[in-house]
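Just so it is clear, the values below take in all heavy atoms, side chains as well, and ignore hydrogens, waters and symmetry mates. Residue numbers start from 1 in every chain, and the chains themselves are labelled A, B, ... in the order their sequence lines are given, proteins ahead of strands.
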2 protein chains.
Amino acid sequence: MTAAGRLPRVNSSPAWDPAREIVVEPARPEPLYAQVARQLQAAIEDGRLPAGTRLANEIDLAAGLRLSRPTVRQAIQTLVNQGLLVRKRGVGTQVVRTKVARPLRLSSLFDDLAGLGGTPGSAVLVNRLEPAGPDAAARLECPGLGEVRRLRRIRTVDGEPLAVMNNYLPPDLPAPADEELRGHGLYQLLRTAGVRLHSAQQSIGARLATPEDADLLGEQPGAALLTMARTTYDETGRVVEYGWHVYRASRYSFNLSLTNGPA
Amino acid sequence: MTAAGRLPRVNSSPAWDPAREIVVEPARPEPLYAQVARQLQAAIEDGRLPAGTRLANEIDLAAGLRLSRPTVRQAIQTLVNQGLLVRKRGVGTQVVRTKVARPLRLSSLFDDLAGLGGTPGSAVLVNRLEPAGPDAAARLECPGLGEVRRLRRIRTVDGEPLAVMNNYLPPDLPAPADEELRGHGLYQLLRTAGVRLHSAQQSIGARLATPEDADLLGEQPGAALLTMARTTYDETGRVVEYGWHVYRASRYSFNLSLTNGPA
DNA sequence: GAGTGGTCTAGACCACAGT
DNA sequence: CTGTGGTCTAGACCACTCT
């Protein structure tokens with residue numbers, strides 16, 4: 001046995017009675033397992049269930065909540081998938097001892113920034129249908145495509161330029177108004193338009209600023225820039241967006257949380 | 001109804017009979033749902049179940065495989081979580097029409113590179129215990145720590161330098177031999193040592209090469225570099241690694257697949 | 001209305017960890 | 001040994017989508 005394999009100290013259960021703290025209302029439209037998961041998550045995040053706490057076993061939990069064991073299991077499983085709980089056979093279920101690592105989700109830059117300080121905004125440089133060159137058609141995986149919608153925006157925070165964002169969109173999507181683009185992320189607009197985003201492939205790199213980059217971003221030519229190219233798919237496998245963006249490395253970095261989820 | 005909401009064309013089921021193609025052996029140690037999931041995944045990946053194919057419904061599938069519906073559901077769920085299948089209530093289950101987006105997992109650079117072309121290797125510049133400065137102790141979230149193991153390596157592909165990698169490790173982990181580090185990723189060595197990795201927080205940025213960077217990596221000073229800083233936690237919430245790496249942007253970029261998994 | 005996945009129940013047996 | 005989570009069954013009813 002190596003030093004690394006040593007046991008986590010297990011807190012014995014404190015006076016936290018799930019049956020008293022968690023209430024499930026079968027009448028609500030929210031599924032029972034979701035109600036349990038939501039309230040467990042809240043208890044973990046506001047400290048009522050501190051890191052390292054061991055939960056009661058699934059049988060007792062189910063009995064206390066007057067639910068079946070599979071239902072309670074489903075609730076716990078969603079939190080395990082989020083990395084908030086850890087289960088070990090023969091041992092029990094514990095609150096993870098890490099600051100929460102939110103799973104990585106499809107998010108646009110705007111949504112990310114809105115969660116931080118500063119006021120995000122954007123200037124729309126280009127927003128029009130254009131004849132689709134072979135490159136654009138290939139990026140959207142739509143050979144023979146006649147037209148594409150092209151977007152070019154500058155994202156700002158508190159008025160300072162942060163990124164130049166270029167996008168191709170399929171021409172049959174409803175046209176986003178410049179005004180909408182100024183105040184909302186592209187993903188948010190797509191979702192509102194009924195597009196069900198499913199997955200994306202991203203590539204993150206770096207390069208030096210060209211004079212044009214420098215001019216748009218308020219940097220010096222030769223400054224370090226972060227680049228991100230992304231293809232986004234909906235649930236039917238159609239490409240709903242291709243984008244290539246450049247960020248000022250002096251003012252932005254990508255922050256990712258990874259979890260070793262099951263499956 | 002917007003254009004974006006239009007229906008996916010549903011292929012009627014071709015002559016792919018799950019009951020004939022999938023065999024479950026209750027005697028094997030592998031769980032039944034895992035056997036089903038594995039064989040379904042294989043069928044999707046090698047083209048026997050092309051993108052867009054609709055699966056039989058869960059009841060029929062269960063009957064055909066002589067399993068219960070929850071078991072079949074569990075198998076399908078794991079593939080949905082991986083983004084390989086899409087389920088819609090009232091409609092059915094379809095193979096996703098996208099090239100597969102593998103979920104983002106904890107991986108070391110070495111593991112990533114091993115999956116691509118070229119022969120990865122590395123040179124170990126530093127591998128020793130050092131007195132822990134306040135910075136190192138803070139990075140490992142272990143105030144008062146006496147010593148840390150410090151690593152400094154150069155990662156190469158086909159002999160060409162690709163990245164400089166700096167790491168702090170807690171002093172109680174078994175010391176990795178230089179020889180092991182040359183041929184294996186750090187994560188792989190940690191797992192072998194019994195560490196159960198749980199989650200990580202990464203930050204990706206860019207900067208210009210200093211003369212020292214340039215010397216180590218064979219670039220010019222002022223060249224664009226990708227930077228990545230990472231803190232890795234095990235299941236007990238302990239920091240098991242802190243690393244800050246720089247990559248030659250001319251030869252490397254991060255590729256991520258994101259999926260909008262449930263929960 | 002017919003067919004689908006989404007949720008839920010009440011049991012059962014097994015594998016593994018710790019004593 | 002005891003207690004835990006892991007797996008599995010055989011039903012049931014509901015909510016949603018499409019015809």
For the pair made of [atom1] in [X] and [atom2] in [N], what is the distance, rounded to whole Å?
X        : N       : atom1 : atom2 : answer
Glu58(B) : dC8(C)  : CD    : P     : 15 Å
Gln35(A) : dT7(C)  : CD    : P     : 12 Å
Gln94(A) : dG18(C) : CD    : P     : 11 Å
Lys88(A) : dG3(D)  : NZ    : C1'   : 16 Å
Arg54(A) : dA17(C) : CZ    : C1'   : 12 Å

Do Pro170(B) and Glu241(B) have side-chain heavy atoms sitting under 4.5 Å apart?
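No. Closest side-chain heavy atoms not under 4.5 Å.
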Can you list the residues that meet the side chain to side chain contact (heavy atoms under 4.5 Å, CB included) rule with [X], with sequence neighbours excluded?
X         : result
Ala177(B) : Glu180(B)
Glu25(B)  : Arg28(B), Gln35(B)
Arg150(B) : Val126(B), Arg128(B), Glu130(B), Arg152(B), Tyr168(B)
Ala137(B) : Leu145(B)

With respect to the phosphate group of [N], does any side-chain polar atom (N or O) of [X] fall under 4.0 Å of OP1 or OP2?
X        : N      : value
Arg87(A) : dG6(D) : yes
Asn57(B) : dT4(C) : yes
Thr93(A) : dG5(D) : yes

Between dC8(D), dG5(C), dG5(D), which nucleotide has the shortest distance from any of its atoms to the side chain of Arg73(A)?
dG5(D)
Sorted by position of nearest nucleotide on DNA chain C, 5' first, the leading residue of Pro31(A) and Asp60(B) is Asp60(B)
5′-ward residue of the pair Ile76(A)/Tyr33(B) relative to DNA chain D:
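Its nucleotide being nearer the 5' end, the pick is Ile76(A).
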Sequence-distant partners of Arg87(A), side chain to side chain donor-acceptor pair (under 3.5 Å), two or more places apart:
Glu58(A), Gln77(A)
Counting primed atoms, P, OP1 and OP2 as sugar-phosphate and everything else as base, the B/S/- map of nucleotides 9-15 of chain C against protein heavy atoms under 4.0 Å is BB-B--B
